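First the structure, in the form of structure tokens, and then the observations on it.
Predicted model only: the values in this text are computed from it and were never measured. Chain letters run A, B, ... following the sequence lines, proteins first and then strands; every chain starts at 1.
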There are 2 protein chains.
Amino acid sequence: MNAVASKPPPENNLNERLAHSGLRLTPQRQQVHEVLREKMDHPTADMVFMRAKAKMPEISMATVYNCLDALVQCGMVRQVTLDRGATRYCPNMQDHSHFYCDECGSVHDILQTISPEDADIKLPRGFRLKNIETNLHGLCPDCAAKAK
Amino acid sequence: MNAVASKPPPENNLNERLAHSGLRLTPQRQQVHEVLREKMDHPTADMVFMRAKAKMPEISMATVYNCLDALVQCGMVRQVTLDRGATRYCPNMQDHSHFYCDECGSVHDILQTISPEDADIKLPRGFRLKNIETNLHGLCPDCAAKAK
DNA sequence: TCTCAATTTAGAATAGTTCTAAATCTTGAC
DNA sequence: GTCAAGATTTAGAACTATTCTAAATTGAGA
């Protein structure tokens, strides 16, 4: 487990990714990751807990938070924050943005982003930009249809 | 107070805006709005409460939330959500984006946005886009300097 | 096998927000 | 001006989301 710092391209499998961040692969982390990939509906920690519990009854809420944090830390999962509500989790690490339905609160992946170049963002002196998060707000197809 | 619905361009002063949404101008709402404009550092509800309390000692937390909601509802204030923490409030209604410092958590207004046209976002069928929120992540000047 | 550090666990604690019911204020009708 | 109806404020309780704590468990390396 040396030469870790010298491995520039992070791997795409869970084990490698965790190791790369100095974290271990545990059954719980695996389970949480699976839950996220199984139904990519941007669940809250609570929803992840319930789904994981169905398969692994002894898992605890604290562990779910730990696991989610570990997955976020090692770059396998993204955190998604909507107004005032609980944080949601997204295992899609492709560059994409999120569409929030103002009506029903559902979240949808939109496979299109605005790159820093496209955006032509000119920051004041001193700021160091790492990434751009784009959130789209409006009505999802269902709610748009209902709204006449 | 009729003909309200027939007034298409919303006014820019607090009273008009509130009225336009069927809300009243109260001393508390005025105070909360002032607090926000006085120091535009994207305070949390709690910070707003403390600052408002300094000038208006009888004001309660519930009222601060009510007022913030009213101000958001009538379009005088924007809600800003950062990862997992408390919601922040921004009285700058100019089109702008927010820069979050990953290090110190500070929030900065960046007077540049990506319009739906510029972005050239193509949504799947049925979605109705209302607005785009752009959040920039990275290091603020202070933290960038410290980070060598 | 032993030791040490990482991880998990249950439950307590905290933070952020919303709810409730009573009191107060405002507005429009008379 | 007076009154009723509805909006708003208030304190505090309740609730939800998240973090902390301390003990138990696990796993890796010596």
Report the C-alpha separation of A/L123 and B/F99 in whole Å, then their side-chain angles, then the decisive distance to 0.1 Å, and conclude whether the side-chain contact (heavy atoms from CB on, under 4.5 Å) test is met. CA-CA 9 Å; A/L123 289 167; B/F99 187 100; 4.0 Å; yes
Using the side chain to side chain donor-acceptor pair (under 3.5 Å) rule, take A/H42 and A/R78 through it: C-alpha gap first, then chi angles, then the decisive distance, then the call. CA-CA 10 Å; A/H42 306 83; A/R78 283 170 61 180; over 6 Å; no
Assess the residue pair B/C67 and B/Q30 against the criterion (side-chain contact (heavy atoms from CB on, under 4.5 Å)); give the C-alpha distance rounded to whole Å, side-chain angles, the decisive distance to 0.1 Å, and a yes or no. CA-CA 9 Å; B/C67 292; B/Q30 210 161 281; over 6 Å; no
Take B/M61 and B/D46 through the side-chain contact (heavy atoms from CB on, under 4.5 Å) test and state the conclusion after the steps. CA-CA 8 Å; B/M61 192 69 214; B/D46 203 62; 4.2 Å; yes
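Nearest approach of A/G75 to A/M93, heavy atoms of both residues: O-CE, 3.1 Å.
Partners of A/N135 under the side chain to side chain contact (heavy atoms under 4.5 Å, CB included) rule, at least two apart in sequence or in another chain, are A/H98, A/Y100, A/E133, A/H137, B/E133, B/N135.
Using a 4.0 Å cut-off between charged nitrogen and carboxylate oxygen, B/R29 and B/E34 do not count as a salt-bridge pair. Salt bridge absent: A/R128 and B/D102 never bring a charged side-chain N and a carboxylate O closer than 4.0 Å.
Taking atom CG of residue B/L18 and atom C1' of nucleotide C/dT27, one finds them 16 Å apart after rounding to whole Å.
Helix-axis bend for the helix from C/dT1-D/dA30 to C/dC30-D/dG1: the local axis fitted to the five terminal pairs at one end deviates from that at the other end by 30°, rounded to 10°.
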Base versus backbone protein contacts along nucleotides 6-22 of chain D [heavy-atom cut-off under 4.0 Å; B, S, -]: BSSBBBB----SBBB--
